[in-house]
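To find a chain, count down the sequence lines: A is the first, B the second, and so on, and within it residues start at 1. Atom set for the values below is all heavy atoms of this structure, side chains included, hydrogens, waters and symmetry mates excluded.
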Amino acid sequence: MTVPEKPVLEGLEAKWTARWEADGTYRFDRSRPRDEVYAIDTPPPTVSGSLHVGHVFSYTHTDVIARFQRMRGMAVFYPMGWDDNGLPTERRVQNYYGVRCDPSLPYDHAFEPPDKPGKQPISVSRPNFIELCVRLTVEDEKVFEHLWRYLGLSIDWSMTYATIAKPAQRISQLMFLRLLQRNLAYQVEAPTLWDVDFKTAVAQAELEDREQPGAYHRLQFHKPGGGTVEIETTRPELLPACVALVAHPDDERYKPLFGTDVVTPIFGARVPVKAHPLADPEKGSGIAMICTFGDVTDVVWWRELKLPVRAIIQPNGTLGAVPWGAPGWESIDAPRAQVAYDQLAGLSAKKAQTAIAELLKQSGDLRGDTRPITHNVKFYEKGDRPLEIVTSRQWFIKTLDFREQLLERGRELQWHPSYMRGRYESWVNGLNGDWCISRQRFFGVPFPVWYPLRADGSIDYEHQLYPDESRLPIDPSTDLPDGYSAAQRGQPNGFIGDPDIMDTWATSSVSPQIVTGWERDPALFARTFPMDLRPQAHDIIRTWLFSTVLRSHLENQSLPWKHAAISGWVLDPDRKKMSKSKGNVVTPLANLEEYGSDGVRYWAARGGPGVDTAFDVGQMKVGRRLAMKVLNASKFALTGGVAAGNVTHPLDRSMLLQLAALVDDATESLNEYEYTRVLDRTEAFFWSFCDNYLELVKSRRYGDMGEAGAASANRALQASLSVLLRLFAPYLPFVTEEVWSWSHDGSIHGAPWPSSAELAGIAGIAGTDTTSAGCLAAAIDVLGEVRRTKSEAKRPLKAMISRAVVRDTPERLAQLEGARADVAAAANIHALLFEPADAFAVSVEFAEVEAVTADPPA
RNA sequence: GGGCGGUUAGCUCAGUUGGUAGAGCACCGGCUUUACACGCCGGCUGUCACAGGUUCGAGCCCUGUACCGCCCACCA
C-alpha cells in the first residue's frame, strides 16, 4: 500500500497511457471463444485535418461500453481505422504537394514531390498520387492516435487499418467481384446524379436540400392548329431539352390534349402531351414540361413514358453544342432554333437561364413577369452548385430488390436509442434507385476491371476482364489483365482499365469484413463476426449504417452487428451543430489538457445515446473536480488501520447494502447501453458517500470506539472504495487506475466488474437485514438537521451540542440506534437522546463552552 | 406532405412500473474542519410549453395545439 501524501491529477495521462501500452492492457485475446468476445466496429474518422470535440464526445461513449464489457470478462475486439479515402484527402493532397492526378500517366517510381507546391500543379499518375495520399495521411494518423491515447480510448493499437491501405482495398475489390459474379453489381449507362464541379456521379445518400432563390417562368407552347398551352418552370434553360408535356390523367383541362403534339417556343420541337399520375394539377398551370433531365421526376417520367433523350447539360455544367435539324433534334424551324441556341451553348446553366429568358421575352413566349420564389434544390453535400442529371456509365449495387429484407434487418438490429430505427426505415422506404458506387475521382479503391478495345479502338463494355482473386488488390491503370502486355494498353485490340474509383461509403461499408478477417483470417472471423456493436452518429445512418447492413446482408446473409449505438452531436452554446464549415469547432486537446481526460470524458459521458449535447466546459470542470475527489477520498479510505474480518457495524452494512443495489442497477443499465444513468447514479452515491458516510465513520475508524468498530469501518471503506473505483473506471480511466495502483499490482481495467454478491460476501449482509438497511439514511437525516441548525446559528460545524433529541417513529429510531455513536461523534453531540414521535424532528442545545470534547457514548 | 425527438429552477439536464418536483452550475450566507480551499456546510429558485381527457391521484398515460431541432418525400 503506497498512498501519496498529496495526490494530483497532473501527468496521469502520460503515465498511464505509457503503462497500458507497455503492459498490453487492451490487447485483444484472440484465443477466446465467440461468446466471450465483444467486437466493436469502430468508425474510422476521416483523416483530413483535425479531430474535433464531436469525435471526443462519441468515441468516449464507445470506450465506456468497451471498458465495461472488458471488466465483465469479455475479450474486447476494439480496432481503430482511418478513413483516408475520398474527396477531403484528395483535395488536401493536391494543395499540400501541388499535384494533380492524371490517370492516363504511367507510374513514376522515382517521383518526389517538390518541397513547396509550385504555382502550376504537377501531373502525376494515379499510383503516385495515392502514394502521396498515403504519405500525408500517415502523418495525420499519428496526430489522431496521440489524441485518442491521451483521451484514454482502450483501443488495441496493434489492430489499426486504413481504408486506402492494401488489405482494405483487397476486401473492397474482392467483395465487389463476388457481387459481380452473383449479378448483384452491374454497370449501366443511365441518367445519374452529377456534380458539375467535381465532375463525378454521386449517390442518393449524398444529396442534401438547400433553399435557393428561383423564379417561375410561364412559357407558352404552341398547338399546331393554333392556340397555346402554358406551363410553369423554374428551369427555362432546359427548354431545348424538352421531350414532352405532362398532366394528370384526370385533369379535365388537359384531357383533350393527351395524344396530341405541341411545339416548343423558339426551338420549334414537336413534343407529345402525355398523362401521368405524378403530375400535380395544383402545381403551376397543372401541366409541366419534361426535360432530359431537370430533376429526378423527369427521369421517372422519361423512363415510364418511354421518351427519347435530348441531353444538353454537359458534365462540366455548361450547355453543349446541338445540331438543330439533325436526327433527334428535329425542329419546324431549324435555322431559327440554331441561331437562338448558339447564344446559349457554352454557358453555364445559370447564365443560360438569364439568356433564354431574354429570348423568350423577345419572342413573346414568356407570359407575364417571372415570379421569384425560394425552393429546395438538390445539392451534392460537398458541392457548391446544384446537381444536374447527366447520362453516364456507372457501377451500381442492387438495393431496390432487397428493400423488404433490409427493413427486416433493421428490425433485427438493436438500436440505442430505439427510436433511431425510424431514421433507417424512412430512408429504406424512400430509396428510389440502386446504389451508384462509382466516382470519377482518383483517390480511392479502383474497380478491378479492364475492358478490351476493339479494332477501331472503341471500348467493348460487354466483355469485361477481371483479375483472379489471388491478385487483389490491383490497380487497373497500372496492373495488366491476364494475357495482355503493357504495350497493349490503350491500343486497338488491346485493353484499358476502368478509370473510376469506388465511393467512400462503398469502401467503408465493408469495415466489419476488413477488421474481422473475412477471407483472410478464418479463425478471427469466426470469433468476431457478426460483431457486437456499431457506434456512430445519427447523421450517417443513411450512408454508413445502411450501406454496411446492405453489404453484410448480400455477402454474409446476416447483420454485421447486433447493436447500433447512435450518438448525438455536440452543439455550440447557440445550439448549432459544431462543424468545420461553420468555423465553431473547438480543438479538443486544449480541453483535455486543461480539465484532464477524465474531466472531458465526464462531460462526454453525460450525453446520452442519441442526445445532442451542448459543449460545456462547466461540466468538464465538474468532471475534473470529481476526479480530484476520487483521489482524496481514496487517500482517506486507504490510510486507515487494520481491515480484517467481516463488516459488522450496522452503519457500514447499511452503506454496503445501498452500494450493492447501485451495483445491480449499474450492471443492468450498462448492459442496455445506458451509460449516462450509471454515471449519474454512481456519482450521486459517491458524493453522498464522501459527504455523509465518511464523516459519520471518521471517528470510529480512527479507533475512538474500539478495535472492532474500527476494523468494520476500515473493511467497509476498502470494500466500498474498491467497488466505487470499478464503477467509475469506464468513465474515469486515469484517476481510477492511479488509485487502484496504490493497493493493486494489475490494472483496474482488467479487474472484474463488481457484483452485489461480492459485497454480500464481505459484509455478511443480506437483503433481509432491514434494520441495517435504513441505518445510514436515518443517520444522514439527523446529521443534516444538526448541520442546518449550526449553519443557521452561524456557528462552526464543529460547534459542540451539549444535548440533542431526535424524535421519530420507533422503527426509524431502532434503525438509528446502531449509528448513535457515529452520529454523535460526527455532529459533536455530547448527549444524543431519542424520543418516539409521529414525525421526524431534531432539537439541539449548544454547549456553553465550545472547546469541550464529546465523551464517547457508552 | 409524412415521421421522429424535445419543451421541467437563471443555465445544463435527471426524473424507472402514475404516488409529496430533483442534481450540478450560477447566486446568497457561513466554515482555517487532521482525505480534499482544486475544499466543506447551509440557503434561495418551479403555472413541469399550452388546452382538454382518463384516474382517488398525472411531469409521466390519452387527444389536440404551439414552438425548437432533426429525418424522409416524385418540392414542374
Side-chain angles (χ1 to χ4, degrees), chain A residues 3 6-10 209 211 214 216-217 231-235 238 245-247 276-280 283-291 294-301 373-378 417 419-432 538-539 541-542 568-569 571 573 575-577 603 606-608 610-616 618-619 621-622 624-640 665 668-669 674 676-677 680-681 683-684 687 690-691 694-695 698 702 783-784 786-799 828:
Chain A
V3 181
K6 187 82 178 173
V8 293
L9 297 173
E10 282 71 23
D209 287 341
E211 282 224 322
Y216 275 117
H217 296 66
I231 64 104
E232 285 200 335
T233 179
T234 55
R235 298 205 61 186
L238 293 178
L245 298 189
V246 66
H276 193 281
L278 277 184
D280 182 355
K283 227 164 247 168
S285 58
I287 186 163
M289 71 171 179
I290 303 173
C291 305
D295 60 29
V296 288
T297 319
D298 279 341
V299 179
V300 174
W301 280 328
I373 54 160
T374 51
H375 60 159
N376 284 327
V377 178
K378 293 200 185 309
Y419 62 79
M420 285 295 176
R421 174 184 291 124
R423 303 263 182 115
Y424 173 87
E425 290 190 345
S426 58
W427 172 252
V428 174
N429 282 320
L431 287 171
N432 58 25
H538 56 66
D539 53 336
I541 288 174
R542 69 176 183 174
W569 283 336
L571 307 175
R575 312 296 300 169
K576 295 281 191 296
K577 184 199 175 189
W603 159 75
R606 289 176 54 87
V611 180
D612 293 346
T613 300
F615 177 78
D616 186 354
Q619 290 302 323
K621 280 182 198 163
V622 172
R624 183 183 165 80
R625 228 181 47 178
L626 174 62
M628 200 68 217
K629 196 77 173 174
V630 168
L631 279 184
N632 287 313
S634 302
K635 179 186 162 195
F636 172 78
L638 293 175
T639 47
D665 183 74
E668 195 180 326
S669 297
E674 305 216 15
T676 303
R677 172 190 172 92
D680 196 60
R681 299 297 163 94
E683 184 190 6
W687 225 262
C690 291
D691 294 344
L694 292 187
E695 294 300 328
K698 201 174 257 179
Y702 280 137
L783 186 59
V786 177
R787 282 169 170 169
R788 175 168 32 252
T789 306
K790 289 179 176 178
S791 185
E792 283 169 359
K794 299 207 186 294
R795 300 265 197 143
L797 277 178
K798 68 172 184 181
N828 202 11

### Query
Reckon A:Lys629 touches a base, only the sugar-phosphate, or nothing at all at heavy-atom distances under 4.0 Å?
base
### Message
Less than 4.0 angstrom from a charged side-chain N to a carboxylate O is my criterion; do A:Glu10 and A:Arg624 meet it?
### Response
yes
### Query
Can you give one letter per nucleotide of nucleotides 71-76 of chain B, 5' to 3': B if a protein heavy atom sits under 4.0 Å from the base, S if only from the sugar-phosphate, - if neither?
SSSBBB
### Query
Using a cut-off of 4.0 Å on non-hydrogen atoms, how would the nucleic acid contact of A:Cys291 be classed: base, sugar-phosphate, or nothing?
nothing
### Dot-bracket pairing map - RNA chain B, Watson-Crick plus G-U, both contacts under 3.5 Å, | cross-strand
((((((((.[[[[.)...(..]]]].(((((.......))))).....[[[[[..)....]]]]])))))))....
### Query
Going by heavy atoms in the side chains, are A:Val622 and A:Arg606 under 4.5 Å from each other?
no
#### Entry: Distance below 4.0 Å between A:Arg677 side-chain N/O and B:U16 OP1 or OP2
no
### Query
Which parts of nucleotides 23-34 of chain B does protein reach within less than 4.0 Å, heavy atoms only, written one letter per nucleotide 5' to 3' as B for base, S for sugar-phosphate only and - for none?
-SS---B---B-
### Task
Indicate whether OP1 or OP2 belonging to B:A37 is found under 4.0 Å from a side-chain N or O atom of A:Lys6.
yes
## Note on the structure
Per atom distances to the A:Arg681 side chain, the nearest of B:C41, B:U16, B:A35 is B:U16
### Query
Do A:Lys790 side-chain atoms and A:Arg795 backbone N/O form a donor-acceptor pair below 3.5 Å?
no
### Message
Tell me whether A:Ser791 contacts the main-chain N or O of A:Arg787 through its side chain, where contact means a donor paired with an acceptor under 3.5 Å.
### Response
no
#### Entry: Expected output: side-chain A:Asp680 to main-chain A:Thr676 donor-acceptor under 3.5 Å
no
